[in-house]
K.L.:
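Right, I'll just put the structure down here and ask away after.
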There are 4 protein chains.
Amino acid sequence: MERRTRTAAQDTAGRTARRHHGNRHGRSEEARRAILEAADDLLVEKGFAGVTVEGIAARAGVAKQTVYRWWPTKTDVLLDAFLEDMAEDLVPPDHGDVARDLRTYLPWLAYMLSSTDTGAVFRALVAQTHHDPAFAAVFRERCLDEQRRRDRLPLERAVRRGQLPADLDTAAETDLLVGPLYYRVLVTGEPVGREFTDRLVDAFLRRTGLA
Amino acid sequence: MERRTRTAAQDTAGRTARRHHGNRHGRSEEARRAILEAADDLLVEKGFAGVTVEGIAARAGVAKQTVYRWWPTKTDVLLDAFLEDMAEDLVPPDHGDVARDLRTYLPWLAYMLSSTDTGAVFRALVAQTHHDPAFAAVFRERCLDEQRRRDRLPLERAVRRGQLPADLDTAAETDLLVGPLYYRVLVTGEPVGREFTDRLVDAFLRRTGLA
Amino acid sequence: MERRTRTAAQDTAGRTARRHHGNRHGRSEEARRAILEAADDLLVEKGFAGVTVEGIAARAGVAKQTVYRWWPTKTDVLLDAFLEDMAEDLVPPDHGDVARDLRTYLPWLAYMLSSTDTGAVFRALVAQTHHDPAFAAVFRERCLDEQRRRDRLPLERAVRRGQLPADLDTAAETDLLVGPLYYRVLVTGEPVGREFTDRLVDAFLRRTGLA
Amino acid sequence: MERRTRTAAQDTAGRTARRHHGNRHGRSEEARRAILEAADDLLVEKGFAGVTVEGIAARAGVAKQTVYRWWPTKTDVLLDAFLEDMAEDLVPPDHGDVARDLRTYLPWLAYMLSSTDTGAVFRALVAQTHHDPAFAAVFRERCLDEQRRRDRLPLERAVRRGQLPADLDTAAETDLLVGPLYYRVLVTGEPVGREFTDRLVDAFLRRTGLA
DNA sequence: GCGTAATCGAGACGGTACGTCTTGTCTTTCC
DNA sequence: GGAAAGACAAGACGTACCGTCTCGATTACGC
């Protein structure tokens, strides 16, 4: 979880490493970070069921009330924890060629989703959307829509470049490209190898006349 | 939940409506059915979080221990409830033509998964696999594998018929066909309309040379 | 049970009748009293078997956990409930004459033990010592020893007054005096009348040369 | 528990060591003995709370129903178990002299009640009378009255012999003699030594003019 | 010697209470 | 006014026994 300690508030002079016990000028950044780290540490260690507000507070060395003050549920904590990592980690590359972009990005996406801590949090959050419709809306707005926008980038850039026809339904085509990948990762649990992502890309290239 | 009351023990003469209290040679079918019905009634009414063993037992008019005697967790109850409905409901048709089969089955599958009580239970179970690895294995073995086998049927029958090449990787091709559909239903929550399933079928037919 | 409501926190100004929901520095006096009252109300109404932690909590309008937080078992609740009443109720009188003290105290003791709510709790607790050795130790230390000390008071005061020889084994003699009384109340259940307590006192006076 | 195996039905010929499975006319002596033994074995091993009908049946290798068929509660099982031992074990001796009888019997009674398995069962049963008034009546009728009758024997025999006045209230005097002993064993738990029983006897002899 | 009737084992059943756990709220005290 | 501490009401968890019941096997007696 060091990825977040990098962004820790260096406190304008390093002097404030000492314990914070509340003040009248805003919330404790220290507490915020500790909570987010505790949350996904717990997720990785003990699974979703092992994440409890009680446990997060205990591990973060924080009062339960401090968690409840800023997040309505443990799932929202996990969402915040995830959002800090996602944006930087799941960006498709831009080589100026849609085929190359896809052949690079799809395996990377599969790896991220299935084999990293970030992916574990993502899978847990997607799962939670099925158990809690209210969270589903929040999750889609704050996380999933952005991810889908990123997933569409290779195609949209290719359209702008003229590599693909201007009237291509990039949203639908993207779903055809990444859908089977998400399906394997999130539903069947089957491993997604190079040959599978290549098959996805090949099918796409063939039906758009690029191969 | 009437779909199960249909299969209620007809009692060889109607005389055996009398209460069963357990005996040496097997469990109470009455209790079993009441529990399964109570479980998915609760799921539909109050969502996954609203399903509790306590609630199931209370609604089924059954002792908690009777639930625990036969199912380790509430999720396993839901799985059994689901399995009773799934097999009969999610069978692809066989018109002797792969294109027609797919154009019939895919919209039906999308409808079942997204808009029926059976689908609600399925989505909850898939979600639960991400929160409980032990259940994931059970779910895949007892439910998902069978569903995937059914999903592959149209393609496999076409291969047998000679409509498709014998060396077609039906498993992978099926994932390309149904993956985007499951993705929309289970991840993005976006509606799956006719135009989307048609796009899936068209892409498949074109890449296999059938159109 | 009003004997305890009398001692209710007078709230330094009457303003604190408002509901207490716990805080950092100490437990809820309101909850404590409600639990003790509920416990011996239940004992009197339904007998020892009818006293359950569940029932105590329900009647006291308190969460089960609040009972378990402060008392390990229901028996310890009853013990605390009893201790609040015992001290004031079971004190032998001091008329400056051992004969008169005993003729007053023994019937009173017999009445208290056999015919009052306080006595019912006492009998239940003594009984419980035989079913639970750990409780037996606690009971003796926190309750019985004190009671025996009180029972010895008339004799000890007489010794101090010079009415009885200084080398009298007051502990053993007290057991001879009250033992038959407790025996009838706690073992045989036979009523203890005036003629029986008088016989006890007469026997004592004769063997100590006071009559 | 061998004391009971001695009285085991010798099977009219020794041939019936084979398993009994019930018959029309009468119960299984084998089951009856196994249940009684299991009950007081459990009491001695795990205390009263550790005695459950379930546990008795399991240890006796018997169906729960077989216990319930013949005894309404576990306490009644223990009572029966106790009655088989009591009569023979707690009989006061008859030396033709009340002083000698008492000096022999009282220490023996104290020992039996406080230090043997039989005594443990007795104490548990007395305790149970305070938790269950219905059982109290049964216990008094079937056990306690008989024990008190035995306790009175030395005095009654002395009256018959002319050693004690004919108008002596043997019942009350017996309570004065044994009451303190039961009190120590059943209430205070204090050990009852020779000096204490001697004090009891001395007091009795003095007040009846025998010493 | 055959049916009948009571007993036996086994164990599932509807329940109650257990003691533990987590949730989300509230209160107090310190900074 | 934020934070730590932690008591509180609520209620589900999974377990242990309760006492009832049904079942099929076993066995002694009486026709």
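Atom set for the values below is all heavy atoms of this structure, side chains included, hydrogens, waters and symmetry mates excluded. Chain letters run A, B, ... following the sequence lines, proteins first, then strands; residues in each count from 1. Bear in mind that the values here come from a model prediction, so they are computed numbers and not experimental data.
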K.L.:
In this structure, how many angstroms lie between the P atom of F:dA12 and the CG atom of B:Leu42, rounded?
P.N.:
11 Å

K.L.:
When you get a sec, tell me which of F:dC8, E:dT23, E:dG19 is the closest nucleotide to the side chain of C:Tyr68?
P.N.:
E:dG19

K.L.:
Rounded to the nearest Å, what distance is computed from the CD atom of residue C:Glu29 to the P atom of nucleotide F:dC8?
P.N.:
11 Å

K.L.:
Do A:Gln65 side-chain and E:dC26 base share a donor-acceptor contact under 3.5 Å?
P.N.:
yes

K.L.:
Please tell me which of the listed nucleotides, F:dA9, E:dC18, F:dT20, lies nearest to the side chain of C:Thr66?
P.N.:
F:dA9

K.L.:
Under 4.5 Å between any side-chain heavy atoms of A:Trp71 and A:Leu36, yes or no?
P.N.:
yes

K.L.:
Counting heavy atoms from C-beta on, name the nucleotide in F:dC17, E:dT20, E:dC13 closest to the side chain of D:Glu54.
P.N.:
F:dC17

K.L.:
State whether A:Arg142 and A:Asp80 are salt-bridged, where the test is any N-O pair (Lys NZ or Arg NE/NH1/NH2 against Asp/Glu carboxylate O) under 4.0 Å.
P.N.:
yes

K.L.:
Out of E:dG24, E:dG19, F:dT15, which nucleotide sits closest to the side chain of C:Val53?
P.N.:
E:dG19

K.L.:
Of the candidate nucleotides F:dG6, E:dC18, E:dG14, which contains the atom at the shortest distance from the side chain of B:Ala63?
P.N.:
E:dG14

K.L.:
Can you measure B:Lys74 atom NZ to F:dG14 atom P for me and round it to whole angstrom units?
P.N.:
9 Å

K.L.:
From CD1 of C:Ile56 over to C1' of E:dT16, roughly how many Å is that when rounded to an integer?
P.N.:
15 Å

K.L.:
Do you know which two heavy atoms are closest between D:Val67 and D:Ala57, and how far apart they sit?
P.N.:
CG2-CB, 4.2 Å

K.L.:
Would you indicate, yes or no, if F:dG2 has its OP1 or OP2 atom less than 4.0 angstrom from a side-chain nitrogen or oxygen of A:Arg69?
P.N.:
no

K.L.:
Do A:Arg33's NZ or CZ and the ring of A:Trp70 fall within the cation-pi criteria of under 6.0 Å and 45°?
P.N.:
no

K.L.:
What integer distance in Å separates D:Arg59:CZ from E:dG9:P?
P.N.:
17 Å

K.L.:
Would you mind listing every salt bridge (Lys or Arg N to Asp or Glu O under 4.0 Å) that reaches into residues 48-62 of chain C, with sequence neighbours excluded?
P.N.:
C:Asp41-C:Arg59, C:Glu45-C:Arg59, C:Glu54-C:Lys64

K.L.:
In whole Å, I'd like the distance from the NZ atom of D:Lys46 to the P atom of F:dA16.
P.N.:
11 Å

K.L.:
Taking only N and O in the side chain of B:Arg27, is any of them less than 4.0 Å away from OP1 or OP2 of E:dC13?
P.N.:
no

K.L.:
When you match C:Ala49 and A:Thr52 each to their closest nucleotide on DNA chain E, which lands nearer the 5' end?
P.N.:
C:Ala49

K.L.:
So which nucleotide from E:dC13, F:dC21, E:dT7 ends up closest to the side chain of B:Trp70?
P.N.:
E:dC13

K.L.:
Expressed as a whole number of angstroms, how long is the span from C:Glu30:CD to F:dA9:C1'?
P.N.:
12 Å

K.L.:
Just the rounded figure in Å: distance from P of F:dG2 to CD1 of A:Ile35.
P.N.:
14 Å

K.L.:
State which of E:dG11, E:dT25, E:dG19 makes the closest approach to the side chain of C:Lys64.
P.N.:
E:dG19

K.L.:
Taking the nucleotide of DNA chain F with the closest heavy atom to each, which residue, B:Val51 or C:Val62, is nearer the 5' end?
P.N.:
C:Val62

